[in-house]
Structure formats: C-alpha cells, structure tokens
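This report refers to the structure that appears directly beneath it.
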Amino acid sequence: MVSDGGNGITIDNELITIKPLDYQKCLNLIDECKEKGFIWAISPDNKTRRLAPDSRFYDFTHDVYMDTEVVDGLDPRNYDQIFKVYVACFSPEEQKLETLKELPWCRFHKEYLFVEPGDKSVGIKMMVDHFKGDYKDIVVFGDEKNDLSMFRDEWTSIEMGNAIDELKEKATYVTTPCDQDGIYNACVHFGWIKEND
C-alpha cells in the first residue's frame with residue numbers, strides 16, 4: 001500500500017517507510033495561522049489522531065475521521081516531525097495563507113484542508129524498487145486532483161470516467177465511472193481479466 005500522499009509504503013502489513021513533511025515550512029504555516037487567526041492542528045506521528053491547541057478544530061469541523069486530542073499550549077516545536085497540518089476554514093479563505101503556497105495540500109471536506117505530501121508517484125516508485133520491478137508494469141487508477149502526480153508516461157494511467165478534466169490529458173485510457181465498475185471494465189479492456197471472471 002502507498003499512503004500519506006506518496007511518502008509511506010506498507011508491505012505485508014508492515015510499514016516499511018514513512019517520511020514527514022518539510023518541518024520548517026510546516027512551522028511557518030502554523031505561525032501564519034496563529035497570526036491570522038486560523039484554526040489549526042497537527043499530526044506529529046503516524047497515528048490516527050491529530051493534536052490541536054484547543055477544542056476549536058473539532059467544534060468547527062465535527063470531523064471524526066481521526067481523533068482530535070486537545071493539548072493545552074500545544075507547540076509544534078516540541079515535536080521532531082510533522083506528518084500533516086490541518087487548517088479549518090472554508091474555501092477560498094486559505095488564499096490568505098501565503099505559506100500554504102509552499103506546501104502540498106488538498107481539501108476533501110468543506111470545513112478544512114490538510115497539508116500532506118502530494119506526489120504519489122514517489123511511493124509507487126519506492127514500492128516497485130523494493131521488489132526490483134519495472135516501472136512499465138505499473139498501472140494506476142485515478143479520478144481527483146491528488147492523483148495527478150501519479151499519472152506518468154512511464155506506466156499505464158487509467159482515468160475513471162467520473163474524473164476531473166486535468167487527468168484526461170495525462171491518461172493512457174479512460175474507463176467508466178467508479179460506480180459503474182470502472183476498474184473491472186479497464187481490466188477487461190486490457191485483457192488482465194476475462195469478462196465475468
């Protein structure tokens with residue numbers, strides 16, 4: 001499994017590697033959030049939790065994807081690494097954060113965005129290198145902005161029929177939408193499986 005935006009790989013249920021974000025850029029973003037009154041939180045380790053300096057992050061987002069733990073007086077400089085930074089705001093308020101432009105981020109929820117590594121191809125290559133494979137044998141499927149980085153000429157890139165337009169320009173093949181058996185139909189098209197297998 002490739003995770004954390006391309007910075008982590010797991011093989012046989014064992015985390016082989018996970019790389020944190022650029023530490024100083026994260027600190028700069030958090031400092032700007034404090035200065036401009038943005039609600040923020042961090043993940044300083046590879047756990048299903050985020051740390052916040054007060055209850056405002058949860059109160060604003062009501063997000064339960066990860067546990068939000070309040071740490072009074074939270075100072076990110078007390079941690080050696082930062083794996084994710086969360087900023088609670090509605091779009092396009094994030095445009096006020098100049099330091100955000102220096103970091104990869106995405107928004108899957110209207111209430112917050114999160115900074116995480118943004119190049120899945122890095123993790124894909126780490127995985128293939130681990131097994132001493134060949135990049136030409138890689139097949140990726142994608143439908144959203146966070147998939148753009150893994151659509152590369154070195155391998156087969158399959159766009160789901162419900163995907164954003166930017167992926168169409170980089171796709172090797174366009175299949176049907178996710179909810180219309182897109183992966184299955186692409187596998188049949190390329191002969192990797194037989195229909196009704």
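What you see is a predicted model, and the numbers here were worked out from it, not measured in a lab. Quick note: numbers below take in every heavy atom, side chains included, and nothing from hydrogens, waters or symmetry partners.
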If you count the non-hydrogen atoms of other residues, nucleotides and ligands that lie under 6.0 Å from [atom1] in [X], is the total more than 12?
{"X": "D134", "atom1": "CG", "answer": "yes"}
{"X": "D80", "atom1": "CG", "answer": "no"}
{"X": "K145", "atom1": "NZ", "answer": "no"}

>> Just to verify, what does T99 make a side-chain contact (heavy atoms from CB on, under 4.5 Å) with, not counting sequence neighbours?
In response: N28, L29, E32
>> Can you list everything that forms a side-chain contact (heavy atoms from CB on, under 4.5 Å) with F83? Sequence neighbours excluded, please.
In response: I18, P20, Q81
Going from [atom1] on [X] to [atom2] on [Y], what distance comes out if it is rounded to the nearest 0.5 angstrom?
{"X": "D129", "Y": "I124", "atom1": "CG", "atom2": "CD1", "answer": "11.5 Å"}
{"X": "L21", "Y": "N7", "atom1": "CG", "atom2": "CG", "answer": "7.0 Å"}
{"X": "D75", "Y": "L51", "atom1": "CG", "atom2": "CG", "answer": "12.0 Å"}
{"X": "N162", "Y": "E144", "atom1": "CG", "atom2": "CD", "answer": "8.0 Å"}
{"X": "K136", "Y": "D153", "atom1": "NZ", "atom2": "CG", "answer": "16.0 Å"}
{"X": "F38", "Y": "C33", "atom1": "CZ", "atom2": "SG", "answer": "6.5 Å"}

>> Applying side-chain contact (heavy atoms from CB on, under 4.5 Å) to K120 and D147, what does each step give before you reach the verdict?
In response: CA-CA 7 Å; K120 292 181 180 180; D147 297 321; 2.7 Å; yes
>> If you apply the rule salt bridge (Lys or Arg N to Asp or Glu O under 4.0 Å), what do you find for K170 with E159, and how did you get there?
In response: CA-CA 9 Å; K170 299 177 81 174; E159 178 210 350; over 6 Å; no
> Going through the distances and angles, do I193 and V188 end up as a side-chain contact (heavy atoms from CB on, under 4.5 Å)?
Replying inline: CA-CA 5 Å; I193 61 172; V188 168; 4.0 Å; yes
> Can you list the steps and then say if L100 with V87 is a side-chain contact (heavy atoms from CB on, under 4.5 Å)?
Replying inline: CA-CA 10 Å; L100 186 62; V87 180; 5.5 Å; no
Indicate yes or no: does [X] engage [Y] in a salt bridge with an N to O separation below 4.0 Å.
{"X": "E93", "Y": "K96", "answer": "no"}
{"X": "R50", "Y": "D63", "answer": "yes"}
{"X": "R107", "Y": "E94", "answer": "yes"}

Tell me, do [X] and [Y] make a side-chain contact under 4.5 Å, heavy atoms counted?
{"X": "L148", "Y": "L167", "answer": "yes"}
{"X": "L27", "Y": "P76", "answer": "yes"}
{"X": "M127", "Y": "V2", "answer": "yes"}
{"X": "S157", "Y": "F141", "answer": "no"}
{"X": "T172", "Y": "F151", "answer": "no"}
{"X": "L113", "Y": "C106", "answer": "no"}
{"X": "T17", "Y": "M126", "answer": "yes"}

> Which pairs, with at least one residue in residues 18-31 and sequence neighbours excluded, count as a salt bridge (Lys or Arg N to Asp or Glu O under 4.0 Å)?
Replying inline: D31-R77
Could you tell me which non-hydrogen atom of [X] sits nearest to which non-hydrogen atom of [Y], and how far apart they are?
{"X": "T61", "Y": "A88", "answer": "CG2-CB, 4.0 Å"}
{"X": "V174", "Y": "G161", "answer": "CG1-CA, 4.4 Å"}
{"X": "I9", "Y": "G123", "answer": "CG2-O, 3.4 Å"}
{"X": "T175", "Y": "G182", "answer": "OG1-O, 2.7 Å"}
{"X": "P117", "Y": "P104", "answer": "CA-CG, 3.9 Å"}
{"X": "E154", "Y": "R152", "answer": "OE2-NE, 2.6 Å"}

> Among D137, I138, V139, whose side-chain contact (heavy atoms from CB on, under 4.5 Å) with T156 holds?
Replying inline: V139
Same hydrophobic cluster for [X] and [Y], using side-chain heavy-atom links shorter than 4.5 Å among ILVMFWY?
{"X": "V71", "Y": "I42", "answer": "yes"}
{"X": "I158", "Y": "M150", "answer": "no"}
{"X": "M160", "Y": "I164", "answer": "no"}
{"X": "F131", "Y": "M1", "answer": "no"}
{"X": "Y173", "Y": "W155", "answer": "no"}

>> Using only atom types and a distance under 3.5 Å, with no angle test, would you say the side chain of S43 pairs donor to acceptor with the backbone of R49?
In response: yes
>> Donor-acceptor pair, distance only, cut-off 3.5 Å: does the side chain of D119 make one with the backbone of S121?
In response: yes
>> The criterion is ring-ring contact (aromatic ring centres under 6.0 Å, His included); which residues satisfy it with Y79, sequence neighbours excluded?
In response: none
> Would you say the ring centroid of F190 lies under 6.0 angstrom from that of W192?
Replying inline: yes
> Can you name the residues that form a side-chain hydrogen bond (donor to acceptor under 3.5 Å, both in side chains) with S55, not counting sequence neighbours?
Replying inline: D59
>> Clusters formed by hydrophobic residues whose side-chain heavy atoms approach within less than 4.5 Å: which one holds F60, and what are its other members?
In response: I39, F57, Y65, M66, Y86, F90, F108, Y112, F114
>> Checking Y58 against D67 for the side-chain contact (heavy atoms from CB on, under 4.5 Å) test, could you report, in this order, the C-alpha distance in whole Å, the side-chain angles of both residues, the deciding distance, and whether it holds?
In response: CA-CA 9 Å; Y58 180 78; D67 293 329; over 6 Å; no
